Structures are given as C-alpha cells and as structure tokens.
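Nothing here was measured: the structure is a model prediction, and the numbers come from that model.
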Amino acid sequence: MIKKITVFLLGLLLLIPINGMAAAESAISVDMHYLVVSPAEDGSTNMMNMVNYTNTTAEEYKGDGTGEAVLNVTIPTGAIGFTFLDNKMAQKQVDTGFITTDPIPANQTVVLPYSYRIAKGEEISLSFDYPVQMMQILVPEGMGSIEFKNITATNQGLFKMDDQNYQGYSVEGIQAKQAFTMIYDKDKQPSASEAQGSTEQGESESSGNVTKTAPAFHNPGHLRMWSQSPLRSWDPHVFLIVMGAIIIAAISYFSYFRMKARAEEKRLGADKEESAFKNLMAKQKAIMDKILELEENFGDGNMSEEDYQAKLAAYKQHLVQVKMNLRQFVE
C-alpha cells in the first residue's frame, strides 16, 4: 500500500524483514489457497475453499501447544452455512471459524475443503492464520467480478477448467494475520480487456491499490511458484484436472446439501444419492493418495519405471471414470 508520509514509509520498510522472518519461522505454510466465489439462490455469496497446509518442519506438527488445535482456520465474521467437506479429518467449530485436531506428519501437506456463505451486499474481509504463498480466486464466467482493497491482486483473465470458464484472480505472499477485503458484485461483469487477460495495469478508484492483469493462466509468477512448491514433481495440467474435479465435487455436494434441506420428505432417496456421492468422493481421494504414494515410491527408487508408468496409467484411468460418475451430480 502506498503511504503519503515519508516517516511511515521508513517504518514500513523496517517492518518488512521482520514480517519476512516471522513467515519463514512459521511451522505451517499455505502453499495454495483456492477460492471459488459464486452467487447463491438467496442472494448471498458462496465461498468454496480448498486449502493446502504444509508442515515445513522435520517433525510431526501437533499445534502450538496452547490447546487441542493443530490448525486454526479463521472465517469471516458473520459467515453462515459453514460446511466442512472432508469427513475423514477431525475438526471442531469455534467462534472464529474451526480447528483441526489431527497431527500433520513431517514435511507433509494436508488439504482442507470447506465452504460458507456471506450475506448479500456485505464486503468480504479475509485474514489467515498462516502465511499464504499464493491464493487463486475463481469466479464462474458470467457470475460477476471482484475488486480488492488493501492488497495487490493479479487478474488472470478467463481460462477453462472441465468445460467451465472462470475469471481468475491471484494474490501472492499474504502474511499471517494480514487483512484485506474483496468486493464481489454478481451483476458487474469483467471488462473485455480483463476477460482476455490484458497486460495493461490500472489503479482501482475504490481501493487505491494497483490491480494488475496478466495474459492467460501460465504467467511467470505461477511458473515460479509451481517450481518452488512441494507439488513440482506433478504435471501441472494433471494437477489442474484433479483440482477441477475436487472443486466441481465440492460445488455438487453443497448444492445437494441445500436441496436435501428443502426436500425433507424425499429423505430416503436423497440419502441414497448422498451415499453414492460420498463413495465417489472417497474413491477420488483414495486414488489421489495412491498417485502421491506412487510418486514417492518411484522417487525413492523402490520400483522400476515400467511398473511406475503402468500403475500410474491405471490410476489415471480409474480417476477419469470416477470424475465421469461425479458429473451426474452437476449436470
């Protein structure tokens, strides 16, 4: 943020290395935070989150020792309809959001999928408990646009994921407890230059900070972040396909949950459909875990390349089949 007072600028420059050291010393870091923003039927705003939390230490992480919490996740004040989308991970709601209680193995990453809603017309104030390397905000095409306050965001333009176009925004290097605001307007669509990912830069009149735009999805910042991330051994396109399936599954689950609440008299049939959906989600997660395990075994030299390629092809084929079955919940 640009400050007009020189003395304050000097003070800010002195604080920058201190904040950098604090982030570097954090045992937990968020490698990637995916957020899908879309309008709900009642006019509120759906917030679908998929967040990668990494234990950066060589020891199992059990929290900061001040309570039972391993991970603390803060959600905006006034958020409604909170839903945690992983029934295998222990979690508990608290006043500020929710906590998890399962330890995180050394140098491992856990993925937390959750959603909530923000009331119609309210600004979305965000702050995270851990440093975030990159946050990717996605808005389905034709469902509005986002403006940012108190932070610099990059407009990625439109890109396609699993037959759905998204307007993409990204924010890099968010510090722990750093607060910023998103203003979502479902009726205001991005301009033509924004939708195409123009390389021009402009200044937001409402926020006073520069919102940059960049061409396409594979900009240099993304490539740099990918090469430094724990997932660099993956093919990035395969990773996007997997993440797209997770996002679609999360949207499907949330939509189904709403329908079930409105149609209580059809509980028996809904329960069967929910059971089938959960089974597919479980299969998808199991396949992803197997692919990660396969990558580790191959990387450690515990299997030949021929066995690795054969098993990887089988897992991918199974994953595609599960994704095709999941589509019935959103079509």
Side-chain angles (χ1 to χ4, degrees), residues 28 30-41 44-54 69-76 79-94 96-102 104 108-118 124 126 128-130 132 135-140 161-162 164 166 231 239-262 270-289 291-292 319 322-323 325-331:
I28 296 296
V30 175
D31 304 319
M32 185 71 73
H33 185 144
Y34 284 95
L35 173 61
V36 180
V37 181
S38 61
E41 294 179 1
S44 61
T45 302
N46 287 326
M47 305 280 286
M48 305 286 186
N49 296 264
M50 186 72 62
V51 192
N52 295 345
Y53 291 85
T54 297
V70 173
L71 294 177
N72 292 280
V73 181
T74 299
I75 63 176
I80 55 178
F82 171 79
T83 304
F84 190 72
L85 302 173
D86 187 345
N87 57 12
K88 292 185 178 181
M89 178 169 290
Q91 61 86 26
K92 181 186 298 183
Q93 287 187 251
V94 295
T96 57
F98 69 96
I99 63 173
T100 67
T101 55
D102 292 336
I104 305 175
Q108 295 294 310
T109 298
V110 297
V111 180
L112 300 188
Y114 60 94
S115 66
Y116 54 85
R117 302 194 316 279
I118 299 296
I124 305 168
L126 297 175
F128 306 114
D129 297 83
Y130 310 98
V132 179
M135 184 175 187
Q136 186 79 34
I137 303 99
L138 310 175
V139 180
M161 183 185 295
D162 280 351
Q164 170 69 58
Y166 292 92
L231 299 171
F239 177 76
L240 285 177
I241 292 173
V242 173
M243 290 305 301
I246 294 174
I247 292 172
I248 291 176
I251 295 173
S252 303
Y253 181 85
F254 184 76
S255 300
Y256 171 73
F257 184 80
R258 297 271 297 171
M259 292 173 60
K260 181 182 177 182
R262 294 178 178 181
D271 285 346
K272 291 181 179 179
E273 187 174 354
E274 182 180 10
S275 177
F277 177 78
K278 287 183 176 180
N279 286 336
L280 287 173
M281 287 288 290
K283 287 182 180 180
Q284 178 176 259
K285 188 176 186 302
I287 294 171
M288 293 172 61
D289 291 341
I291 291 176
L292 288 174
L319 183 61
V322 172
K323 285 179 57 182
N325 293 336
L326 278 171
R327 286 183 182 274
Q328 63 183 313
F329 293 95
V330 293
E331 292 180 347

Enquirer: Does any non-hydrogen side-chain atom of Ile248 lie less than 4.5 Å from one of Gln164?
Expert: no
Enquirer: Measure the shortest side-chain to side-chain distance between Thr96 and Asp129 over non-hydrogen atoms and say whether it is less than 4.5 angstrom.
Expert: no
Enquirer: Among all residues two or more places apart in sequence or in another chain, which pass the side-chain contact (heavy atoms from CB on, under 4.5 Å) test with Ala90?
Expert: Thr101, Asp102
Enquirer: Can you sort out the partners of Lys283 under side-chain contact (heavy atoms from CB on, under 4.5 Å), two or more places apart, ordered by chain and number?
Expert: Val322
Enquirer: Are side-chain heavy atoms of Tyr114 and Ile75 found at a separation under 4.5 Å?
Expert: yes
Enquirer: Testing Val111, Leu112, Leu35 one by one against Met50 for a side-chain contact (heavy atoms from CB on, under 4.5 Å), which residue passes?
Expert: Val111
Enquirer: At what distance, to the nearest 0.5 angstrom, does CG of Asn46 lie from OG of Ser115?
Expert: 7.5 Å
Enquirer: Looking at side-chain heavy atoms only, is the closest gap between Phe84 and Met89 below 4.5 Å?
Expert: yes
Enquirer: Test side chain to side chain contact (heavy atoms under 4.5 Å, CB included) on Ile247 and Met48 and set out the steps.
Expert: CA-CA 8 Å; Ile247 292 172; Met48 305 286 186; 5.9 Å; no
Enquirer: Which residue is it: Asn52, Leu71, Ile28, Thr100? I am looking for the one with a side-chain contact (heavy atoms from CB on, under 4.5 Å) to Val110.
Expert: Leu71
Enquirer: Please report the shortest heavy-atom distance between Ala79 and Tyr116, naming the atom on each side.
Expert: CB-CD1, 3.7 Å
Enquirer: In Å, rounded to the nearest 0.5 Å, how long is the span from OG1 of Thr45 to CD1 of Ile124?
Expert: 5.0 Å
Enquirer: If you measure from CG on Asn49 to CE on Met135, what distance do you get to the nearest 0.5 Å?
Expert: 6.5 Å
Enquirer: If every non-hydrogen atom of Ser44 is compared with every non-hydrogen atom of Ile118, which pair is closest and at what distance?
Expert: CB-O, 3.1 Å
Enquirer: Which pair of non-hydrogen atoms, one from Ala40 and one from Arg117, has the smallest distance, and what is that distance?
Expert: CB-CD, 4.2 Å
Enquirer: What's the spacing between Gln108 CD and Leu292 CG if we round to 0.5 Å?
Expert: 9.0 Å
Enquirer: For Met281 and Asn87, what are the C-alpha separation, side-chain angles and deciding distance, and is it a side chain to side chain contact (heavy atoms under 4.5 Å, CB included)?
Expert: CA-CA 10 Å; Met281 287 288 290; Asn87 57 12; over 6 Å; no
Enquirer: What is the ring orientation for Tyr130 with Tyr53, classed by angle as parallel under 30°, tilted 30 to 60°, or perpendicular over 60°?
Expert: perpendicular
